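To start, the structure under review is shown below, and the notes come after it.
The shown structure was predicted, so the numbers you read here are calculated from the model rather than taken from an experiment. In what follows, chains are A, B, ... by sequence order, proteins preceding strands, each numbered from 1.
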Number of protein chains: 2
Amino acid sequence: MAAARSVRRAAPAARKPTYHHGDLRRALTQAAIALIAESGPEAFTLREAARKVGVDHAAAYRHFADKRALLVAVAEDGFVTLADRMQRALAGVAPDLPEARLQRLSGAYVRFALAHPSQFQVMLGPRLNEDGRFPSLEAAIAQPFGLVRDEMARAVATGAFAPADPRELAVGLWTLAHGYATLVLSRRIVTRSQKKALDYFAAQAARMLAGLR
Amino acid sequence: MAAARSVRRAAPAARKPTYHHGDLRRALTQAAIALIAESGPEAFTLREAARKVGVDHAAAYRHFADKRALLVAVAEDGFVTLADRMQRALAGVAPDLPEARLQRLSGAYVRFALAHPSQFQVMLGPRLNEDGRFPSLEAAIAQPFGLVRDEMARAVATGAFAPADPRELAVGLWTLAHGYATLVLSRRIVTRSQKKALDYFAAQAARMLAGLR
DNA sequence: ACCTGAACACCGTTCAAGT
DNA sequence: ACCTGAACACCGTTCAAGT
């Protein structure tokens with residue numbers, strides 16, 4: 001809170017009364033991501049994001065219907081990053097090693113959650129889209145999930161895994177990764193280090209994947 | 001919000017100026033549980049709980065250090081109920097059928113989450129105890145987890161499952177149940193009915209447990 | 001010991017008014 | 001079209017004062 005105030009005072013002369021922003025929507029989203037990373041989603045305030053950008057808080061309503069719409073923008077940004085991380089995690093792992101690839105995908109999921117705990121909470125924590133506004137959110141989450149499903153489909157098709165619905169198998173692995181991430185973040189599972197937490201998850205995932213052969 | 005106001009007006013004459021409560025702490029906790037069940041944890045307000053009980057909102061601070069302390073009381077109540085449900089789920093299942101018993105335990109966990117989504121969110125959603133206040137919360141969660149761990153230990157001891165650390169196995173099943181519950185509650189996993197959701201989880205749990213033999 | 005009443009510093013949201 | 005300024009109805013928290 002004191003930190004928030006100092007941000008306000010940080011650039012007293014630099015902030016000329018140039019009340020125009022090229023892309024205020026984007027600026028507010030980035031400010032929200034930064035503030036949430038600092039203090040968590042609970043403490044996040046629309047007014048503080050506006051302050052950080054140097055704009056009247058009412059100006060935000062020209063770009064977002066309400067506070068939740070701004071949080072949705074934060075979540076969508078997170079899903080793009082997550083999909084990117086998962087995709088990159090596959091680099092250099094041969095296509096005919098489905099278990100290794102699924103290990104990488106689910107590991108990247110957990111790693112993202114631990115690296116960006118606050119943003120992850122916004123993405124998958126509260127029921128952001130419970131009323132069905134924001135269909136773009138559903139689209140954003142479909143991409144990382146699709147990576148897992150495709151891999152499962154290949155594993156079943158090549159006979160590496162026993163015959164089963166790939167979608168169902170993907171949900172199972174996703175569920176394990178998601179449950180693990182949330183339990184670590186809420187300190188229900190405590191490990192000595194972040195690396196230990198990832199190793200521990202890898203063992204759990206290995207056990208599950210071995211059961212699918 | 002309109003509903004909240006009508007509650008206030010519901011008993012205008014019945015509420016005599018008898019400003020004394022036998023157990024205001026308990027009354028506030030119960031009011032909080034009811035309000036959270038109605039409108040979700042995000043919308044919950046300390047002031048509204050006080051209103052519902054018919055007391056000045058400042059009176060709450062005589063019994064709870066702050067709003068979070070009240071939410072902790074809500075969570076603890078939930079863990080007691082959860083442990084009870086899990087225990088009851090074991091009734092009539094022979095001790096020498098560990099997979100069936102673990103199915104019951106994890107199924108009861110998911111069933112509780114779906115039956116009491118808002119309270120479940122308070123119990124395991126935000127980082128209620130991230131600063132280590134409220135050690136009683138840790139104690140409350142240890143009991144339901146212990147049920148799963150004990151069952152895993154017996155399964156390994158009797159040779160039903162392959163040799164492994166029972167605690168690690170318990171974490172795995174808990175993780176699956178927890179991930180599934182949260183993904184259903186946040187509508188990432190959508191099923192036609194509540195029963196379908198439970199059946200679907202049972203299949204996932206069966207797959208995992210089969211892998212432990 | 002327990003509760004009230006008033007106050008403080010904040011919110012999210014709305015809306016007329018400015019440029 | 002985009003933003004400001006002021007206002008509204010709310011919070012969580014504190015504290016003197018009442019009984």
Side-chain angles (χ1 to χ4, degrees), chain A residues 1-9 15-29 31-32 35-36 38-74 122 126 128 131 133, chain B residues 1-9 15-29 31-32 35-36 38-74 122 126 128 131 133:
Chain A
M1 325 200 145
R5 295 227 164 274
S6 67
V7 166
R8 180 105 184 87
R9 275 173 299 174
R15 267 277 150 266
K16 285 175 292 181
T18 167
Y19 299 118
H20 300 83
H21 264 277
D23 191 349
L24 183 53
R25 188 191 153 87
R26 184 167 193 76
L28 284 170
T29 306
L35 288 171
I36 287 172
E38 278 173 39
S39 320
E42 320 267 68
F44 172 68
T45 259
L46 194 151
R47 288 171 104 113
E48 197 173 350
R51 257 179 252 133
K52 180 159 187 153
V53 171
V55 93
D56 189 285
H57 59 269
Y61 287 86
R62 190 66 38 180
H63 301 274
F64 298 99
D66 52 19
K67 187 186 179 184
R68 249 171 79 199
L70 174 50
L71 288 175
V72 165
V74 171
V122 174
L128 253 195
D131 46 8
R133 294 163 62 191
Chain B
M1 324 197 146
R5 295 228 163 274
S6 69
V7 165
R8 180 102 184 89
R9 277 172 300 176
R15 266 278 150 266
K16 285 176 292 182
T18 167
Y19 300 118
H20 301 84
H21 264 277
D23 191 349
L24 183 52
R25 187 192 154 88
R26 183 165 194 78
L28 284 170
T29 305
L35 288 171
I36 286 171
E38 279 173 40
S39 320
E42 320 267 68
F44 172 68
T45 259
L46 194 151
R47 288 170 104 113
E48 196 172 351
R51 257 179 253 134
K52 180 157 186 153
V53 171
V55 94
D56 189 286
H57 59 269
Y61 287 86
R62 190 66 38 181
H63 301 274
F64 298 99
D66 52 20
K67 187 186 180 184
R68 251 172 77 199
L70 175 50
L71 288 174
V72 165
V74 171
V122 174
L128 253 194
D131 46 8
R133 295 162 60 191

Practice problem: State, with a plain yes or no, whether a side-chain heavy atom of B/Leu46 is found less than 4.5 Å away from one of B/Tyr61. | Solution: yes
Quiz item: From the list C/dG12, C/dC3, C/dC11, which nucleotide is the closest neighbour of the side chain of A/Arg51?
Solution: C/dC11
Quiz item: With side chains defined as the heavy atoms from C-beta onward, is the minimum distance between A/Leu70 and A/Phe44 less than 4.5 Å?
Solution: yes
Quiz item: Between A/Leu46 (CG) and C/dT14 (P), how many Å, whole number?
Solution: 11 Å
Quiz item: Separation of B/Leu24 atom CG from C/dA1 atom P, in whole Å?
Solution: 17 Å
Quiz item: Relative to the 5' end of DNA chain D, which residue comes earlier, A/Ala59 or B/Arg68, by the nucleotide with the nearest heavy atom?
Solution: A/Ala59
Practice problem: Select from A/Arg47 and B/Asp56 the residue whose nearest nucleotide in DNA chain C is closer to the 5' end of that strand. | Solution: B/Asp56
Self-check item: Whole-Å gap separating P (D/dA1) and NE2 (A/His63)
Solution: 13 Å
Quiz prompt | side-chain contact (heavy atoms from CB on, under 4.5 Å) between B/Arg62 and B/Val55, intermediate numbers included | solution = CA-CA 12 Å; B/Arg62 190 66 38 181; B/Val55 94; over 6 Å; no
Quiz prompt | Spacing between B/Asp23 atom CG and C/dA1 atom P, to the nearest angstrom | solution = 18 Å
Quiz item: How is A/His57 classified with respect to the nucleic acid when contacts are heavy atoms under 4.0 Å: base, sugar-phosphate, or nothing?
Solution: base
Quiz item: Under a 4.5 Å cut-off applied to non-hydrogen side-chain atoms, are B/Arg47 and B/Asp56 in contact?
Solution: no
Quiz item: Roughly, in whole Å, what's the span from CZ in B/Arg26 to C1' in C/dC2?
Solution: 20 Å
Quiz item: Paired with C/dA16 by Watson-Crick or G-U wobble geometry, both distances under 3.5 Å: which nucleotide is it?
Solution: D/dT4
Quiz item: Could you state the CZ-P distance from A/Arg62 to C/dC15, rounded to the nearest angstrom?
Solution: 12 Å
Quiz item: Considering only heavy atoms from C-beta outward, does the side chain of B/Thr29 approach that of B/Phe64 to under 4.5 Å?
Solution: yes
Quiz item: How long is the line joining CZ of B/Phe64 and P of C/dC2, in whole Å?
Solution: 13 Å
Self-check item: C/dC11 pairs with, by Watson-Crick or G-U criteria that keep both distances under 3.5 Å
Solution: none
Quiz prompt | Selected nucleotide, minimal atom distance to B/Tyr61 side chain, candidates C/dT4, C/dG12, D/dT13 | solution = D/dT13
Quiz item: Does the side chain of B/Thr45 get closer than 4.0 angstrom to OP1 or OP2 of D/dG12 through an N or O atom?
Solution: yes
Practice problem: Send over the distance from B/Glu42 CD to C/dG12 P, rounded to a whole Å. | Solution: 13 Å
Quiz item: Among the nucleotides C/dG5, D/dC11, D/dT4, which one has an atom lying closest to any side-chain atom of B/Ala58?
Solution: C/dG5
